[in-house]
Undergrad: 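This structure is in structure tokens; I'll ask about it shortly.
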Amino acid sequence: EIGGLVLVARDVEWGVVQGEYAVDASGALHPDESLARLDGALLFTKHVEPWVRFAHDARVGVHVGEWGVHHHTPHAVALAWMRDCLTSWRRARFGWALWNLRGSFGVLDSDRKDVIYEPYKGHRLDRRMLDVLREDLST
């Protein structure tokens, strides 16, 4: 609590409260250091491995449906995150489906401001995103 103001930090997971945040003299929030080090390996351990164990124990497959990155996310960040996710899912032998092919999460007509689009059959193609998705399919 700061001067009667209560700051509540939330994780991207539904209803899960994150670790503590520090507030510096300028009012900036500083997250728990363990969250700042999220990388592909930690992504696998924290978010994918539990599903690998479940799939093994239950003898079922896992499909990651409707995933992607909204068009307001910087393109380089979106592509890096997508690569990390795809690498984890390939390692876990999970299937996946992009949220949409065309639209704010897709490779066509996403309206991302930081993408150089390629014309494709009357649409604007995000070739770099398509290449990231195709890399996963070719390995």
Side-chain angles (χ1 to χ4, degrees):
E1 185 171 332
I2 301 173
L5 177 65
V6 177
L7 301 174
V8 180
R10 298 280 180 204
D11 196 335
V12 296
E13 297 174 349
W14 290 98
V16 176
V17 178
Q18 290 180 351
E20 293 183 9
Y21 278 65
V23 180
D24 67 21
S26 70
L29 290 175
H30 299 280
D32 179 339
E33 287 301 312
S34 67
L35 298 174
R37 292 188 307 269
L38 186 60
D39 61 11
L42 187 56
L43 175 73
F44 186 85
T45 302
K46 183 175 178 178
H47 296 285
V48 177
E49 204 166 65
W51 287 100
V52 172
R53 288 191 303 271
F54 168 77
H56 177 267
D57 293 347
R59 295 183 177 168
V60 297
V62 174
H63 182 268
V64 180
E66 299 183 350
W67 74 282
V69 184
H70 197 249
H71 67 184
H72 294 297
T73 305
H75 197 234
V77 173
L79 297 180
W81 182 79
M82 291 174 84
R83 276 191 188 96
D84 282 346
C85 288
L86 291 165
T87 297
S88 289
W89 300 334
R90 181 175 48 257
R91 178 177 166 193
R93 303 184 75 135
F94 291 175
W96 56 266
L98 197 59
W99 183 270
N100 57 20
L101 175 66
R102 193 178 101 210
S104 62
F105 287 79
V107 297
L108 294 174
D109 306 327
S110 69
D111 289 332
R112 291 179 184 276
K113 304 299 181 212
D114 56 349
V115 172
I116 298 171
Y117 291 98
E118 175 182 317
Y120 179 77
K121 297 186 178 186
H123 298 280
R124 293 170 297 130
L125 172 66
D126 180 344
R127 172 63 68 180
R128 290 179 60 206
M129 184 181 288
L130 178 61
D131 288 345
V132 167
L133 297 172
R134 292 178 75 187
E135 285 170 18
D136 182 67
L137 299 174
S138 66
T139 55

Undergrad: Let me check something: do Val77 and Met82 share a hydrophobic cluster, defined by ILVMFWY side-chain heavy atoms less than 4.5 Å apart, either directly or through other members?
TA: no
Undergrad: Hydrophobic cluster membership, with links at side-chain heavy-atom distances under 4.5 Å among I/L/V/M/F/W/Y: are Leu133 and Leu101 in one?
TA: yes
Undergrad: For residues 91-105, pull every pair meeting side-chain hydrogen bond (donor to acceptor under 3.5 Å, both in side chains), keeping only residues two or more places apart or in separate chains.
TA: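 Output for this query lists Trp96-Asp136.
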Undergrad: Rounded to the nearest 0.5 Å, how far does CZ of Arg127 lie from CD1 of Ile116?
TA: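 Spacing of CD1 (Ile116) from CZ (Arg127) equals 13.5 Å.
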Undergrad: Donor-acceptor pair, Tyr117 side chain versus His123 backbone, under 3.5 Å?
TA: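 Flag not set: sc Tyr117 to bb His123 has no pair under 3.5 Å.
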Undergrad: I would like to know whether Leu86 and Arg83 meet side-chain contact (heavy atoms from CB on, under 4.5 Å); could you show each step before the answer?
TA: CA-CA 5 Å; Leu86 291 165; Arg83 276 191 188 96; 5.9 Å; no
Undergrad: Of the non-hydrogen atoms in Val132 and Leu79, which two are nearest, and what is the gap between them?
TA: CG2-CD2, 4.1 Å
Undergrad: Testing the basics here: between Ala92 and Val48, what is the closest heavy-atom pair and its distance to 0.1 Å?
TA: CB-CG1, 3.7 Å
Undergrad: Given Val62 and Trp89, is the side-chain contact (heavy atoms from CB on, under 4.5 Å) satisfied, shown in steps?
TA: CA-CA 9 Å; Val62 174; Trp89 300 334; over 6 Å; no
Undergrad: Sequence neighbours left out, what pairs pass side-chain hydrogen bond (donor to acceptor under 3.5 Å, both in side chains) with at least one residue falling in residues 51-76?
TA: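 Residue pairs with at least one partner in residues 51-76: His75-Asp126.
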Undergrad: Can you find a pair of side-chain heavy atoms, one from Val115 and one from Arg128, that are under 4.5 Å apart?
TA: no
Undergrad: Nearest heavy-atom pair of Leu98 and Gly106: which atoms, and what distance?
TA: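 Answer, listing the atom of Leu98 first, then Gly106: CD2-CA, 4.3 Å.
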Undergrad: Tell me whether the count of non-hydrogen atoms from other residues, nucleotides or ligands lying under 6.0 Å of CZ in Arg124 goes above 12.
TA: yes
